Amino acid sequence: MEWLSDEERFSAIKENLKYLSDDISDAAVRSGRNPEDVRLMAVSKTVESKFINHAINCGINLIGENKVQEFLLKEPELNLTNCNAHLIGHLQSNKVKKIVGHVETIQSVDSVSIAKEIGKRSLEAETVTKILLEVNVGNEDSKFGFTPEETFERACEIAEIKGVSIDGLMCVAPICEKESEIRSIFSNMHRLFIDIGAKKMDNINMNVLSMGMSGDYRQAILEGSNLVRVGSSIFGARIYR
Ligand SMILES: *Cc1c(COP(=O)(O)O)cnc(C)c1O
């Protein structure tokens, strides 16, 4: 949308959000839930603060950023009084100290060691950081995350760490050709989420199932997602500089 004027882009964002909110409600109802049971996160990586603030003015109450540095640069310009921020990108251990206390949840916890570092830095900051465990649900070499098979065992190890609280699971699904393929991937994730929740372990709460992006949020909701992370369908195609 770089060829659009700011005014045109503001109105495109507003229309995109209206469309998404209707579409998400529809998918939620089809999956037997209430529209308000599914949260919409606006993924704001590479997006300038003025457009993010506009999305917040239009009703967005959750944003997601991938990079610690980028978020910390934009944070002072953002209107976060009624909006939470989550980190959704792979986190390196030397960045943990910088981000703890600045986001409500770190969704992209993909190793026990990063969870330990988050716990340590959270204790120093006298806080507890909510985390989601990232699951490499398609077993892809190119992706971060725990394998579905090991997720419960790792969750039990992480649950012992002081300063972190496990709040659910997140995944980035593989690109699938067929509708049935993506549905079955999301369905596997949902089953894992339900199974782990059913074990009722201390410090392991399965509240949030974060799955679905611009290309697949409908299928994710139909299979039980309660948080979709949508970037380009809100803000337009990303321009990386
Ligand atoms: C970029 C990103 C998204 C949003 O992707 P879109 O396809 O633009 O909706 C969601 N989740 C993660 C982890 C991302 O990095």
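Counting starts at 1 for both ligands and their atoms, in listed order. The structure presented is a predicted model; accordingly, all values stated were derived computationally and were not measured.
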> Quick check: does R229 get an N/O under 3.5 Å from an N/O on ligand 1?
Replying inline: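 It does: an N or O of R229 is found under 3.5 Å from an N or O of ligand 1.
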
> When you look for heavy atoms under 4.0 Å from ligand 1, do you find them on the side chain of K45, its backbone, both, or neither?
Replying inline: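 It is the side chain that touches ligand 1; the backbone stays farther off.
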
>> Just to be sure I read this right, does ligand 1 sit under 4.0 Å from the backbone of I88, its side chain, both, or neither, counting only heavy atoms?
In response: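 Both backbone and side chain of I88 come within 4.0 Å of ligand 1.
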
Per-atom contacts of ligand 1 with [X], taking only distances under 4.0 Å to non-hydrogen atoms:
{"X": "G231", "answer": "4 (C), 6 (P), 8 (O), 9 (O)"}
{"X": "N66", "answer": "14 (C), 15 (O)"}
{"X": "V230", "answer": "9 (O)"}

> Who gets closest to atom 9 (O) of ligand 1 by heavy atom: A42, S214, C171?
Replying inline: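 The residue whose heavy atom sits nearest atom 9 (O) of ligand 1 is S214.
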
> With a 4.5 Å heavy-atom cut-off, do I221 and R33 have their side chains touching?
Replying inline: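 The answer is yes, as the side chains (C-beta and beyond) meet within the 4.5 Å cut-off.
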
> So, for F51 and F10, is the gap between ring centers shorter than 6.0 Å?
Replying inline: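 Ring centres of F10 and F51 closer than 6.0 Å.
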
Any side-chain donor paired with an acceptor under 3.5 Å for [X] and [Y]?
{"X": "T129", "Y": "S122", "result": "yes"}
{"X": "E117", "Y": "S93", "result": "no"}
{"X": "H86", "Y": "Q107", "result": "yes"}
{"X": "D167", "Y": "N207", "result": "yes"}

